[in-house]
Structure formats: C-alpha cells, structure tokens
Amino acid sequence: MLVVVAIMGVVVALAAVNLFPGDIEVGRRESGRLALALERTRDAAWFGGRPTAITFDANRMKAWRFAANKWQETADRDEPLDAMRVTGVYVDGQPLPAGERLVFLPDGIGIPFRVALEVRGLPWAIEGDAAGAVAVSEP
C-alpha cells in the first residue's frame with residue numbers, strides 16, 4: 001500500500017511541474033512565440049517582395065505591409081502580448097520612438113534590432129542581425 005501511495009506521489013509531483021511552469025519556462029515560451037511572429041513578418045517581406053513592419057502597443061503586436069504607396073495593417077498577423085510587456089525596441093542601437101514601425105525590407109538585408117521584453121518580472125530580449133537571423137536572449 002505504501003509503495004502505491006509513493007508512486008502516486010511521484011506521478012502527481014511530475015504532473016504539477018508540467019502543469020505549473022516556472023518563470024523561466026513561461027519566459028522562454030512567450031519570447032519564442034514573439035520571435036516566431038517577427039520571423040513570419042520578416043519572411044513575408046522576403047517572399048512577398050514588399051516591405052513589412054511591426055508596431056507594438058500596450059498589449060498587441062501589429063503587422064503592416066506596404067502596398068499602394070501606403071502602410072496597411074495586416075489583421076491576420078496581429079499577435080496578443082498576453083504574459084509579456086515590451087520595454088523597448090532598438091534599431092541599430094538607437095531606441096525606436098513609440099508608435100514607429102520596425103521595418104523589414106524585401107532584399108533580405110536588414111538593420112540589427114533588439115526588442116526588450118519583461119516576462120513575469122524577468123528581462124528577455126529578441127535580437128535580429130543584419131543577415132536576418134532572429135534569436136531569443138535569455139536572462
């Protein structure tokens with residue numbers, strides 16, 4: 001009987017770890033999700049042959065594309081920023097003013113950027129280089 005109770009205790013403990021992830025796991029998941037959204041926006045510029053961009057507001061990342069000589073919002077690429085907060089966006093080391101677009105060009109050559117995040121109080125960052133690579137920096 002004691003062996004069965006011990007085995008059930010181990011199973012419950014392992015399930016609790018997976019059901020209630022820690023701050024690092026949540027940060028890794030959320031920043032990775034945002035990095036994938038940035039990559040999709042970059043790829044849309046590369047493969048679509050038109051500039052694309054993103055902007056951040058209080059709780060959303062909005063995607064834009066340049067068509068007919070103006071920026072148009074791309075509603076299907078709107079991403080909620082549920083568990084994270086964007087604390088800053090930097091292009092070539094300089095802060096991007098609030099409301100300005102982070103632009104991806106179709107030629108594949110970009111300017112290095114950094115999106116600083118806070119997830120559950122921990123600092124995270126997503127960095128892009130001039131060659132188009134996007135990576136998550138952990139705290």
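FYI, the numbering just counts along the sequence from 1.
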(message) Nearest 0.5 Å, please: how far is CG in Asp57 from CG in Asp78?
(response) 8.0 Å
(request) Not counting sequence neighbours, list each pair that qualifies as a salt bridge (Lys or Arg N to Asp or Glu O under 4.0 Å) and has a residue in residues 129-139. (result) Arg28-Glu138
(request) Measure across Pro51 and Val103 and return the closest heavy-atom pair with its distance rounded to 0.1 Å. (result) CB-CG1, 4.5 Å
(request) Would you list the pairs meeting salt bridge (Lys or Arg N to Asp or Glu O under 4.0 Å) in which at least one residue belongs to residues 40-52, sequence neighbours left out? (result) Arg40-Glu79
(request) Measure across Ala116 and Tyr90 and return the closest heavy-atom pair with its distance rounded to 0.1 Å. (result) CB-CE1, 4.3 Å
(request) With rounding to the nearest 0.5 Å, note down the distance linking CD1 in Ile24 to CZ in Arg120. (result) 10.5 Å
(request) Among residues two or more places apart or on two chains, list those pairs meeting ring-ring contact (aromatic ring centres under 6.0 Å, His included) that have a residue in residues 120-139. (result) none
(request) Could I get the full list of ring pair (Phe, Tyr, Trp, His ring centres under 6.0 Å) partners for Phe104, not counting sequence neighbours? (result) Phe113
(message) Restricting to side-chain contact (heavy atoms from CB on, under 4.5 Å), what partner residues turn up for Glu25, sequence neighbours left out?
(response) Pro21
(request) Verify the neighbour count for atom CG of Leu105: are there more than 12 heavy atoms of other residues, nucleotides or ligands below 6.0 Å? (result) yes
(message) Checking Leu81 now: which residues fulfil side-chain contact (heavy atoms from CB on, under 4.5 Å) with it, not counting sequence neighbours?
(response) Leu34, Phe56, Met61, Met84, Val86
(request) List the atom of Ala53, the atom of Thr41, and the distance in Å for their closest heavy-atom pair. (result) O-CG2, 3.8 Å
(request) Please report the shortest heavy-atom distance between Ile126 and Ala35, naming the atom on each side. (result) CD1-N, 3.6 Å
(request) Hey, could you give me the CG/CD distance between Asp82 and Glu30, rounded to the nearest 0.5 Å? (result) 6.5 Å
(request) With sequence neighbours excluded, tell me which residues meet ring pair (Phe, Tyr, Trp, His ring centres under 6.0 Å) with Trp71. (result) Phe66
(message) If the condition is salt bridge (Lys or Arg N to Asp or Glu O under 4.0 Å), which residues does Asp92 pass it with, not counting sequence neighbours?
(response) none
(message) Within this structure, what is the CG-OG1 distance for the pair Leu96 and Thr55, rounded to the nearest 0.5 Å?
(response) 10.0 Å
(request) With sequence neighbours excluded, tell me which residues meet salt bridge (Lys or Arg N to Asp or Glu O under 4.0 Å) with Glu73. (result) none
(request) Give me the other members of the hydrophobic cluster that Met8 sits in, counting Ile, Leu, Val, Met, Phe, Trp and Tyr linked by side-chain heavy atoms under 4.5 Å, directly or via other members. (result) Val4
(request) Hey, could you give me the CZ/CD distance between Arg65 and Gln72, rounded to the nearest 0.5 Å? (result) 5.0 Å
(message) Do Leu38 and Trp46 sit in one hydrophobic cluster, given that two such residues count as connected whenever their side-chain heavy atoms are within less than 4.5 Å of each other, even indirectly?
(response) no
(request) Could you pull out the closest heavy-atom pair between Gly27 and Val119, with the gap in Å? (result) CA-CG1, 3.5 Å
(message) Going by side-chain hydrogen bond (donor to acceptor under 3.5 Å, both in side chains), name the residues that satisfy it together with Glu118, two or more places apart in sequence or in a different chain.
(response) Arg85
(message) Checking Arg101 now: which residues fulfil salt bridge (Lys or Arg N to Asp or Glu O under 4.0 Å) with it, not counting sequence neighbours?
(response) none
(request) Output the distance between atom OG1 (Thr87) and atom CG (Leu117), rounded to the nearest 0.5 Å. (result) 6.5 Å
(request) Search all heavy atoms of Pro112 against all heavy atoms of Ala130 and return the closest pair with its distance. (result) CG-N, 4.2 Å
